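Each remark here refers to the structure printed beneath this line.
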Protein chains: 2
Amino acid sequence: MSQPRAARHDRVTVELSAAIVAASPAGPSVLTVRRRHEGPSGLPSGPLEAEHRTLEAGLRRRVEDQTGQQLGHVEQLYTFGDRDRAADPGGEAGCRALSIGYLALVREARPAGSAEGEWHGWYGHFPWEDRREGRPPLLDRLERRLLDWAEAAAGAAERRLRRERLAATFAVGGEGWIEDRVLERYELLYEAGMVPEARRDESDTPPDPGAEGLPMMADHRRILATAIGRLRGKIKYRPIVFELMPPAFTFLQLQQTVEGLAGIRLHKPNFRRLVEQQGLVEETGAMSPETGGRPARLLRFRPEVLLERPAPGLRLPRPRPPA
Amino acid sequence: MSQPRAARHDRVTVELSAAIVAASPAGPSVLTVRRRHEGPSGLPSGPLEAEHRTLEAGLRRRVEDQTGQQLGHVEQLYTFGDRDRAADPGGEAGCRALSIGYLALVREARPAGSAEGEWHGWYGHFPWEDRREGRPPLLDRLERRLLDWAEAAAGAAERRLRRERLAATFAVGGEGWIEDRVLERYELLYEAGMVPEARRDESDTPPDPGAEGLPMMADHRRILATAIGRLRGKIKYRPIVFELMPPAFTFLQLQQTVEGLAGIRLHKPNFRRLVEQQGLVEETGAMSPETGGRPARLLRFRPEVLLERPAPGLRLPRPRPPA
DNA sequence: CGCATAAATACTCATTTCGAGTATAAGGAG
DNA sequence: CTCCTTATACTCGAAATGAGTATTTATGCG
């Protein structure tokens, strides 16, 4: 594989985008920017520039300059390059558009710096992902449309495949919603034409606007879906939640933050036991400026856990299936 | 972040590379190609071309055409773009070189098709990653040099940081080798100047050639490290090993394949129990053309498990630390 | 044939982990 | 003082897990 060195200089544009996430006990949010008037919002993003040593450094600088947000943890998610889902629909034809998505975590949601940025609860974009109050009712409608889509498949094989994907992602007709499969669910909705981004013709009226979630420009909702999925997966084996917490916090704040990220409710005593016996936190000595009942101890992250445990994280208790 | 649309067309080259992995009970191997005579080998790779709809499709076609290998599972790993670790050192200055790494799994290692490809045991490139026969002796020498490097750090803070990284990756001075951290270990060796790729001046003689592993061209060993790490992590929650197994196999073959991938030995009865009660396999009915003792049942993967279990995989038994 | 050898396969056992539920403590508001 | 709210502490049983041992069923050799 070492031939036409010429083809190498096909024109390529590279866009770096970041899903910048903050979280409070009320729920996680993401920083969005609005570009054209009226168009859907998007993630902070910009073209790759030559001057930076690494991609991550470039992204970091760019976002920090533009939004006034200091980024904490930053990680690369995925490089998208589908020809027909270009990041920039205004790009020239025959020009490959790559889009490299990043996840960034920040401790506090600054009230949106100088730019036109604003913080948005992430479930506004993914209403079907929030099961904290139980299974959201809009899922019934989504499922019905998804099943129709599956049955409308061309051959029997394709039909079967679609049904299986539905079972594996939306848990249609089966047990077990798996919270990490955010991207898979979004992609299914995209393929089924059930999100505005998938419908080229903008005049198409969505059959059920409330259930589709707020769209974003270009492939930004796809990147956000990747980010949510990654974060949900990663809290289980890395103490990454603490990148989102203030320096000191209570058990309840921690639990509610995790619940917000994972989109599910957790069993309080067990969560507490888990966090304690994993050695993820230590007491600061101080007590919380209480919020209702008995004052709570203030905790902080215990970095030593990184050396003690192979995969220190918050395995989320999954209810046992009834035997 | 929406300004200079001009800067957008900085010249960028994009190289797609694939770590193509096959595995037998004897151990995993990777397909390498040799380009220049005498230079180190590399992964199959080539420039991104405009004609393909998706990046993955492009990679797939390209590799299949060139090596005669049908690829099974393919997944994107990471996009590297450090300016000073360019994939192609021959590239023009001021031209950003992106390198998108992929992991591909194949069922059988074809004896290297038409091209100059050859299959290589992957531990030839990462001798410190193979602990199937216990801790490899060369680790003593590596550790000593790594500790020297840590102590040679500029400030006390940097020294501490380096020591912590050593503890977290090579388990220096602590418990717990974590098999997934392949990339982190390689990067540490790179930073410490302990792999040939890191030494620009090729005339430098390595202090301990045997311990450094076979180098590869450009950033290909970095991609392979990412691939190994990803694979080791993923077998724990996805039934991905079966992409590497023949259609029918015995328990022992499966176990040895997993041991090869993870680089550790497993407890036979427990491995068996795990695989059984997870419902990962079913009997084919046939028996193996035996290999020594009592004939073994032949098994096959049981795809239904994908719908039944949230994260069907092979949690590798980690010995309990002595209380 | 009978026995050593090599695997495969089947159990046992003591912990540990984990889901679930209940009980008690310590504040504030009225 | 009482009630409400949240924090914190315990209990219990089921399932998972690490470690070890025993039995079966082949082969091959004397």
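What you see is a predicted model, and the numbers here were worked out from it, not measured in a lab.
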Pick out the pairs of N or O atoms, protein on one side and nucleotides 10-12 of chain C on the other, that lie under 3.5 Å.
from	atom 1	to	atom 2	distance (Å)
C:dA10	OP1	B:Arg297	NH2	3.2

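Residues A:Asp130 and A:Trp122 fail the side-chain proximity criterion, which asks for heavy atoms closer than 4.5 Å.
The side-chain hydrogen bond (donor to acceptor under 3.5 Å, both in side chains) check on A:Arg131 picks up nothing, with sequence neighbours excluded. Take B:Gln277 and apply the side-chain hydrogen bond (donor to acceptor under 3.5 Å, both in side chains) test, not counting sequence neighbours, and it matches no residue. Residues meeting the ring pair (Phe, Tyr, Trp, His ring centres under 6.0 Å) test with A:Tyr237, sequence neighbours left out: none. Not a single side-chain hydrogen bond (donor to acceptor under 3.5 Å, both in side chains) links A:Arg107 to another residue, sequence neighbours left out.
For A:Arg160, the CZ atom counts as loosely surrounded, since its 6.0 Å shell holds 12 or fewer non-hydrogen atoms of other residues, nucleotides or ligands.
Between B:Phe301 and B:Phe242, the ring planes are parallel. Angles under 30° get that label, and only those over 60° would be called perpendicular.
In this structure, the separation between OG1 on B:Thr169 and CD on B:Glu164 is 11.5 Å, given to the nearest 0.5 Å.
In this structure, the NZ atom of B:Lys268 is 18 Å from the P atom of D:dG18, given to the nearest Å. Regarding A:Leu316, its CG atom lies at a distance of 13 Å from the P atom of C:dA20, rounded to whole Å. Between A:Leu274 atom CG and C:dA20 atom C1' the separation is 15 Å, expressed in whole Å. In this structure, CZ of B:Phe251 is placed 10 Å from C1' of C:dA8, rounded to the nearest angstrom. When the C1' atom of D:dT6 is taken as reference, atom CD of A:Gln255 falls 12 Å away, rounded to whole Å. Put simply, CG on A:Leu299 is 11 Å from P on D:dA7, counting in whole angstrom units. Between the P atom of D:dT6 and the CZ atom of A:Phe271 lies a distance of 17 Å, rounded to the nearest Å. When rounded to the nearest whole Å, the span between CD of A:Gln256 and P of D:dA7 equals 8 Å.
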Could you go step by step and tell me if B:Leu299 and B:Glu283 meet the side chain to side chain contact (heavy atoms under 4.5 Å, CB included) rule?
-> CA-CA 4 Å; B:Leu299 311 169; B:Glu283 300 187 12; 4.1 Å; yes
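Within residues 259-267 of chain A, the residues approaching DNA chain C are A:His267, by heavy-atom distance under 4.0 Å.
For the pair A:Gln277 and A:Gly292, nearest-nucleotide mapping onto DNA chain C gives the more 5' position to A:Gln277. Of the two residues near DNA chain D, B:Pro295 and B:Arg315, the one whose nearest nucleotide lies more 5' is B:Arg315.
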